[in-house]
There are 2 protein chains.
Amino acid sequence: MPKNGPDPRAILDLDRIVHEPARLAILTVLASAEEVSFLFLQRVTGLSKGNLSSHTQKLEAAGYLETVKAFQGRIPVTSFRITEDGRTALRAYQQQLRALLPKEGKP
Amino acid sequence: MPKNGPDPRAILDLDRIVHEPARLAILTVLASAEEVSFLFLQRVTGLSKGNLSSHTQKLEAAGYLETVKAFQGRIPVTSFRITEDGRTALRAYQQQLRALLPKEGKP
DNA sequence: TGAAACAAGTTTGTAGCGCAAACCTGTTTT
DNA sequence: AAAACAGGTTTGCGCTACAAACTTGTTTCA
């Protein structure tokens, strides 16, 4: 009898915006804090500046985060917040993943 | 107190070969059967022929599966088997994912 | 004061990827 | 014998991730 795991087609439906590791890392960080600065995000993820910039732009275009530009003293500081849509997308993604992972102990 | 979830950097270390949804689907199917034909794999994953062909080639190049070409009657049939390396990679990937997913009920 | 180093981000350039259309080789049907 | 068909592979293309180079503004040092 063939073991039947998760539906392989479901795997193909994963949200590609979230699925990209760099963006998943970003969303994960944003989900656990109200607002996060560009620099902090860069340090904690280890992404290059260019890379981080383009990924946040993509996430913003998707409506998953919003960019907040402000000044601290006179130097400009860019920060990000996850949006409701972003939080929803992240949770949905995590739910899908959970459904795909086998139950923990495969003999 | 800031909630600290999983290490974001760990997310960036995911095995990209396995992480691609099409290939994850393929590996998942292969992991649950000894040998699987091209056609069956196509039907169950819903991938196009070209797409399936290139992904299996990539997986073979990575050493995660092996291709078995045979004949059934006089028509050629291509089948695949997951290798030990492939199984190991798949399991490792699943382990990483588990570590990244929050514990199930976030308030 | 002015030049030189520095900081925060953004834009540009490039290699690589995923995808399906077109193609190839052989088989079955009419 | 020609035409349709099946199983796969190769080709071509638009998109993506990534870092190097650039931009704009600030601080340091001579």
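Note that these values count all heavy atoms, side chains included, but never hydrogens, waters or copies made by symmetry. Not measured: the values here are computed from a predicted model. Naming: A, B, ... by sequence-line order, numbering from 1 per chain.
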| task | Whole angstrom is fine here: how far is it from CG in B:L47 over to P in D:dG8? | result | 15 Å
| query | Side chains of A:L100 and A:D7: does their closest heavy-atom pair fall under 4.5 Å? | reply | no
| note | The complete set of salt bridge (charged side-chain N to carboxylate O under 4.0 Å, His left out) pairs with one or both residues in residues 56-83 of chain B, sequence neighbours excluded, reads B:E34-B:R81, B:E35-B:R81
| Could you give the CG-to-P distance, from B:L24 to C:dG18, as a whole number of Å? | 13 Å
Expected rows: protein N/O vs nucleotides 23-29 of chain D N/O, under 3.5 Å:
none

| said: In the structure I gave you, are the side-chain heavy atoms of A:L90 and A:L24 within less than 4.5 Å of one another anywhere? | reply: yes
| Any residue meeting side chain to side chain contact (heavy atoms under 4.5 Å, CB included) with A:A99, in chain and number order, not counting sequence neighbours | none
| message | What is the distance, to the nearest angstrom, from the CG atom on B:D13 to the P atom on D:dA17? | response | 17 Å
| said: A:R9: which residues meet the salt bridge (charged side-chain N to carboxylate O under 4.0 Å, His left out) condition with it, sequence neighbours left out? | reply: none
| request: Return the set of residues passing side-chain hydrogen bond (donor to acceptor under 3.5 Å, both in side chains) with B:S53 (not counting sequence neighbours), or none when no residue passes. | output: B:Q57
| said: Just the rounded figure in Å: distance from P of D:dG8 to CG of B:L41. | reply: 11 Å
| task | Would you kindly give the NZ-to-C1' distance between A:K49 and C:dA7, to the nearest whole Å? | result | 7 Å
| field | ring pair (Phe, Tyr, Trp, His ring centres under 6.0 Å) pairs, two or more places apart, involving residues 77-97 of chain B | value | B:H19-B:Y93
| query | What is the distance from CD of A:Q72 to P of C:dA8, rounded to the nearest Å? | reply | 11 Å
| task | Have a look at A:L39 and say if it touches a base, only the backbone sugar-phosphate, or nothing, with a 4.0 Å heavy-atom cut-off. | result | sugar-phosphate
| message | I want to confirm an ordering. Mapping A:S54 and B:R43 to their closest nucleotides on DNA chain D, which one lands closer to the 5' end? | response | B:R43
| query | For D:dT10, does either OP1 or OP2 sit under 4.0 Å from a side-chain N or O belonging to B:Q57? | reply | yes
| query | Would you call A:L52 and A:I26 a side-chain contact if the rule is heavy atoms closer than 4.5 Å? | reply | yes
| Cluster partners of B:V77, using ILVMFWY side-chain heavy atoms under 4.5 angstrom, listed by chain and number? | B:I75
| request: Would you please name every residue forming a ring-ring contact (aromatic ring centres under 6.0 Å, His included) with A:F38, sequence neighbours left out? | output: none
| task | Give a yes/no on whether any side-chain N or O of A:S53 is located under 4.0 angstrom from OP1 or OP2 of C:dT10. | result | yes
| Between C:dG9 atom P and A:L52 atom CG, what is the distance in whole Å? | 10 Å
| task | Sort and list the pairs that fulfil side-chain hydrogen bond (donor to acceptor under 3.5 Å, both in side chains) and have at least one residue in residues 41-52 of chain B, not counting sequence neighbours. | result | B:N51-B:H55
Which atom pairs link the protein and nucleotides 15-17 of chain C when you take only N or O atoms and keep those under 3.5 Å?
none

| query | Does B:N51 place a side-chain N or O at less than 4.0 Å from the phosphate oxygens OP1/OP2 of C:dA20? | reply | yes
| field | Short side-chain N/O contact from B:K69 to OP1 or OP2 of D:dT9, under 4.0 Å | value | yes
| How would you list, by chain and number, every residue that makes a side chain to side chain contact (heavy atoms under 4.5 Å, CB included) with A:D15, sequence neighbours excluded? | A:I17, A:V18, A:Y64, A:A89
| Of A:R16 and A:T78, whose nearest nucleotide on DNA chain C comes first from the 5' end? | A:T78
| field | Between D:dA17 (C1') and B:L14 (CG): distance, integer Å | value | 15 Å
| remark: Between its two end axes (five pairs each) the helix from C:dT1-D:dA30 to C:dT30-D:dA1 turns, nearest 10 degrees, through 20°
| said: Among C:dA20, D:dT9, C:dG9, which nucleotide has an atom closest to any side-chain atom of A:V77? | reply: C:dG9
